[in-house]
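Accompanying notes for the structure given below.
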Amino acid sequence: MTFAPDTTERLARARADLRTGVPVVMSSGLVILAVETLTKDRFDSLRSIGPDPVLAITGWRAHTLKAHAYDGDIARIALPSFATVTWARSIADPADDLNHPMKGPLKTLRDGPAGPVHAAISLAKSAQLLPSVLCAPVLDPKSFAAANDLTLVSTDAISDPEASPLTRVVHAGLPMDASEAGRVHIFRPDDGGEEHYAIEIGHPDRGKPVLARLHSACFTGDVLGSLKCDCGPQLRGAMAQMGSEGAGVLLYLNQEGRGIGLANKMRAYSLQDQGFDTVEANHRLGFADDERDFRIGGEILQKMGFSQVRLLTNNPAKIAKLESCGLDVTERVPLRVGENRHNQAYLATKASKSGHLL
Ligand SMILES: Nc1nc2c(ncn2[C@@H]2O[C@H](COP(=O)(O)OP(=O)(O)OP(=O)(O)O)[C@@H](O)[C@H]2O)c(=O)[nH]1
Ligand SMILES: [Zn+2]
């Protein structure tokens with residue numbers, strides 16, 4: 001019997017720590033701080049630990065900064081003696097890139113293990129922060145964490161995260177425009193992450209393919225009626241189709257901004273104001289085109305008793321991911337609604353760069 005948090009619970013704490021600017025200690029012997037929430041005091045403390053702290057960024061961000069990424073999809077930059085919090089932020093955050101394109105010379109490291117640094121960046125991403133961390137080595141991570149009252153996390157657990165199991169916490173009826181026979185189910189992950197919702201329409205037969213949609217949260221499109229994307233019309237179009245067929249299930253997955261979070265999506269929008277397209281903006285921020293984990297959708301559908309789906313989507317990646325979770329996608333049902341003059345280029349980019357079907 002113990003009250004001590006387990007590996008998953010420690011990860012949840014670590015994400016909260018990074019978001020509040022508190023360092024996290026990794027079992028492989030690194031103390032890390034997220035650049036986005038870095039303060040001068042903590043920066044100075046980290047430097048006082050010893051020599052050789054590094055600033056880690058992703059390969060995408062390194063590419064934008066014309067820095068060598070010897071570690072593949074991440075790069076470790078040796079911290080120059082003149083480095084300040086503002087300097088570190090300018091490396092992590094592309095907001096000012098066009099005004100100050102020359103940040104270097106940046107010396108990236110080739111030697112030494114990159115795996116733990118890779119894990120540290122994954123942790124920052126899962127905290128929905130800019131994917132950049134300051135790392136300093138410590139010889140005895142356990143003692144360092146205990147002495148400073150910091151969270152100690154397993155590097156292996158971050159490097160190889162399993163999808164957290166989801167529990168259905170409640171469901172209740174909800175009459176809606178699309179159908180009066182609506183029901184909302186709330187699913188909560190065990191790891192303290194975002195909850196996801198399933199909107200069930202009618203009484204879909206569990207023995208037959210269900211009309212289904214995996215919708216990723218889009219605050220700007222779903223709530224504000226943004227014309228920059230097609231999410232709002234897709235959400236309402238999918239619900240209307242389920243309503244008119246009398247049955248269906250829409251998963252509302254809280255993976256805002258293709259999994260990078262609303263703050264980062266708005267950073268991407270600000271870059272789009274500067275002329276970059278939706279994919280380029282993600283890359284300049286250091287993210288891949290799409291950071292979503294569709295295993296969540298697969299698990300919810302299976303927990304609800306569905307094994308066969310007719311999937312409303314234009315995105316072949318969603319079909320592939322559901323099938324890899326063991327679901328049978330018997331049909332792709334196209335969902336082309338909501339095109340307007342503001343989102344034409346966005347939709348064209350999704351087709352040309354992300355493989356969306358027209
Ligand atoms: N990072 C980023 N996310 C965006 C942008 N525009 C929209 N999104 C997000 O993209 C996601 C769109 O989700 P979906 O419509 O479910 O997915 P999709 O990949 O377009 O696939 P289908 O609509 O099923 O064809 C939402 O999470 C939006 O918040 C953008 O410019 N940048
Ligand atoms: Zn949208």
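Computed from a prediction, not measured in an experiment: that's the story for all the values here. Atoms considered below: every heavy atom in the structure, side chains included; atoms not considered: hydrogens, waters and symmetry mates.
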Connected via hydrophobic side-chain network under 4.5 Å: Ile32 and Leu46: no
Establish whether Val117 and Leu11 are linked, either directly or via other cluster members, by ILVMFWY side-chain heavy-atom contacts under 4.5 Å. yes
Between Tyr70 and Asp111, do the side chains contain an N or O donor and an N or O acceptor separated by less than 3.5 Å? no
Looking at Arg295 and Glu299, is there a salt bridge between them, counting it only when a charged N and a carboxylate O are closer than 4.0 Å? no
Supply the atom-to-atom distance Arg236 CZ to Gln234 CD, rounded to the nearest 0.5 angstrom. 11.0 Å
His283 and Trp60 aromatic ring geometry - parallel, tilted or perpendicular at 30°/60° bounds: parallel
From Leu166 atom CG to Asp190 atom CG, the distance as rounded to the nearest 0.5 Å: 7.5 Å
Side chain proximity check, Ile260 to Arg267, heavy atoms < 4.5 angstrom: no
Any Lys/Arg nitrogen of Glu200 or Arg206 sitting under 4.0 Å from an Asp/Glu carboxylate oxygen of the other? yes
Side-chain ion pair, Arg284 and Asp97, N-O less than 4.0 Å: yes
With a 6.0 Å cut-off (strictly less than), is the heavy-atom count around CD of Glu180, excluding the residue itself, greater than 12? no
Count the heavy atoms of every other residue, nucleotide or ligand shown that sit under 6.0 Å from CG of Asp273, and state whether that count exceeds 12. yes
Report whether Val249 and Ile300 are members of the same hydrophobic cluster (ILVMFWY, side-chain heavy atoms less than 4.5 Å apart, transitive linking). yes
What about Leu134 and Leu65, same hydrophobic cluster or not, with Ile/Leu/Val/Met/Phe/Trp/Tyr joined at side-chain heavy-atom distances under 4.5 Å? yes
Please check if Leu235 and Ile201 belong to a single hydrophobic cluster, counting links between Ile, Leu, Val, Met, Phe, Trp and Tyr side chain heavy atoms closer than 4.5 Å. yes
